[in-house]
*Asks:* 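Following this message is one structure expressed as structure tokens.
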Amino acid sequence: MPEKGFQETKTQGYLLRYIHNLPQDHIEIKTWETGIFVRVHGTNPTKTIGYRADIDGLPITEETDLSFHSLHEGMMHACGHDMHMSIALGILTHFSQNPASDNILFMFQPAEEGPGGALPMIQSEIFKAWKPDMIVALHIAPEYPVGTIATKQGLLFANTSELFIDLKGRGGHAAYPHQTNDMVVAACSLVTQLQTVIARNVDPLDSAVITIGKITGGTVQNIIAERARLEGTIRTLSVESMKKVKERIEALVHGVEVGYNCQTTIDYGSMYHQVDNDPTLTEEFMQYVSENTNVRVVECKEAMTGEDYGYMIENIPGFMFWLGAESPYGLHHSKLNPNEDAIGVAISTIISYFNFKAN
Ligand SMILES: CC(=O)N[C@@H](CCC[C@H](N)C(=O)O)C(=O)O
């Protein structure tokens, strides 16, 4: 039942029904927007360990033939959030029956794909009252085999900013281009120019991405377009690079405005802070898993993916890791089919690690 960010009402209802069927003696449940907080009271708590799972889907038409494929036409769990939820429910089920000595706070977070649920969730009164001392999250990784986890100390995921550029010129008859300012031509030129920011303005030893994922413009084939719109995303490995990339984008958009005699607007939509793994906790987790489980631990490089989970661990120690879920098709692909064996691997690994951390 994949649903867009902050519209996850059926998802929330499903999760709540499951959670209400667990033993209730040690748990407290609070809804927040379309998300859920569940606190499992420890037997002798000295701290609270947080665990976050994201719950929204993506606007992609699913092309798998799975028996449990999306029932919502045009929407898909193409980033593995269905698996993230299943894993969180598995861990919660265990601790609701066998509480650890410390408290564990489960956060079922809406709107990771946009516009971002993590930041308002941690600003909520519930989070402030139940504030965890550390937080853990995972993301499925189609490129790693089941039985593998991958992470690193420090920067794991990039800074992100959405990018929406609107262009408005003068439309007209397809046969009289000299009387118009064609926004399809201006938009196409701008898309190409934007790639020069990466190729010519970003230090080759740094990294950045500008992806335009959607272009719209015009009305019909024989009318020159009065309007066009580019929708995309920017990724950088530092907050400073994001600032520089945006300055260059603004300069190029201004150039198109002058060069094509049109009006433009730029909207940066939602922005996510980079995921910076706490070095000490991450190192300890990697060592614990290597020495105490059959899971293979890989030290990976940082990725240009974004995650609003970065806000959760900006001021609270925590980390995220990739969970091997081998699929021939990657994240955000209509045929993504993560291997479900990864669910059990994640549940047993996190239960073991939380029991270790909860002393
Ligand atoms: C893990 C993942 O795929 N996250 C998304 C986050 C998107 C943030 C925002 N909507 C944007 O596009 O900038 C990703 O695309 O990396």
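Keep in mind the model is a prediction, meaning the values are calculated, not measured. Quick note: numbers below take in every heavy atom, side chains included, and nothing from hydrogens, waters or symmetry partners. Order of listing sets the numbers, starting from 1, for every ligand and every atom in it.
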*Asks:* Which residue and atom name correspond to the protein heavy atom nearest atom 2 (C) of ligand 1, and how close is it?
*Replies:*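 Answer, as residue, atom name and distance: Gly306 O, 3.4 Å.
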*Asks:* I need the Thr9 OG1 to Tyr14 OH distance, nearest 0.5 Å.
*Replies:*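 Rounded to the nearest 0.5 Å, the OG1-OH separation comes out at 15.5 Å.
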*Asks:* Pick one of side chain, backbone, both or neither for how Pro115 approaches ligand 1, counting any non-hydrogen atom pair under 4.0 Å.
*Replies:*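 Looking at Pro115 and ligand 1, no heavy atom falls under 4.0 Å.
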*Asks:* Starting from atom 9 (C) of ligand 1, locate the nearest protein heavy atom and write down its residue, its atom name and how far away it is, to 0.1 Å.
*Replies:*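 Of the protein heavy atoms, Glu162 OE2, 3.4 Å lies nearest.
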*Asks:* Is Ser270 in contact with ligand 1, taking contact as a heavy-atom separation below 4.0 Å?
*Replies:*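 Heavy atoms of Ser270 never come under 4.0 Å of ligand 1.
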*Asks:* Check this for me, if you would: do Arg39 and Glu28 make a salt bridge, where the nitrogen-to-carboxylate-oxygen distance has to be below 4.0 angstrom?
*Replies:*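 Yes, charged N to carboxylate O under 4.0 Å.
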*Asks:* Should you measure from each heavy atom of His139, which atoms of ligand 1 turn up under 4.0 Å away?
*Replies:*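 Ligand 1 atoms under the 4.0 Å threshold to His139: 1 (C).
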*Asks:* Report, in ascending order of atom number, the atoms of ligand 1 lying under 4.0 Å from any heavy atom of Thr160.
*Replies:*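 Listed by number with element, the hits are 13 (O).
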*Asks:* Are any side-chain N or O atoms of Lys357 and backbone N or O atoms of Asp102, one a donor and one an acceptor, separated by less than 3.5 Å?
*Replies:*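 Not a single qualifying donor-acceptor pair exists.
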*Asks:* Could you tell me if the side chain of Ile87 sits less than 4.5 Å from the side chain of Tyr51, heavy atoms only?
*Replies:*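 Yes, side chains in contact.
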*Asks:* Could you identify the single nearest non-hydrogen protein atom to atom 13 (O) of ligand 1 and state the distance to 0.1 Å?
*Replies:*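 Protein heavy atom with the smallest distance to atom 13 (O) of ligand 1: Thr233 OG1, 2.7 Å.
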*Asks:* Considering only the protein, which heavy-atom contact is closest to atom 5 (C) of ligand 1, and what is its distance?
*Replies:*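 Atom 5 (C) of ligand 1 sits closest to the protein heavy atom Glu113 OE1, 3.4 Å.
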*Asks:* So which bit of Tyr272 gets within less than 4.0 Å of ligand 1, heavy atoms only: side chain, backbone, both or neither?
*Replies:*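 Within the 4.0 Å criterion, Tyr272 contacts ligand 1 through side-chain atoms alone.
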*Asks:* Could you tell me, atom by atom, which parts of ligand 1 come under 4.0 Å of a heavy atom of Cys79?
*Replies:*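 Selected atoms, number and element: 1 (C), 2 (C), 3 (O).
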*Asks:* Any ion pair linking Arg52 and Glu307 (charged N to carboxylate O, less than 4.0 Å)?
*Replies:*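 A salt bridge is present here (some side-chain N lies under 4.0 Å from a carboxylate O).
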*Asks:* Tell me whether the centres of the aromatic rings in Phe106 and Trp130 are closer together than 6.0 Å.
*Replies:*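 No, too far apart.
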*Asks:* Looking at ligand 1, would Met304 count as a contact under a 4.0 Å heavy-atom criterion?
*Replies:*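 The answer is no, since Met304 has no heavy atom less than 4.0 Å from ligand 1.
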*Asks:* Heavy-atom count around His332 NE2 within 6.0 Å, excluding the residue itself: above 12?
*Replies:*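 Yes.
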*Asks:* Should Met75 and Lys4 count as side-chain neighbours, where that means a heavy-atom distance under 4.5 Å?
*Replies:*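 Touching, per the 4.5 Å side-chain cut-off.
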*Asks:* What is the nearest protein non-hydrogen atom to atom 16 (O) of ligand 1, stated with its residue, atom name and distance?
*Replies:*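 Looking only at protein heavy atoms, the one closest to atom 16 (O) of ligand 1 is Arg235 NH1, 2.7 Å.
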*Asks:* Answer yes or no for His332: is there a heavy-atom contact with ligand 1 below 4.0 Å?
*Replies:*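 Yes, His332 has a heavy atom closer than 4.0 Å to ligand 1.
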*Asks:* How long is the straight-line distance from CG of Asp278 back to CD of Glu283, given to the nearest 0.5 Å?
*Replies:*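 Spacing of CD (Glu283) from CG (Asp278) equals 11.0 Å.
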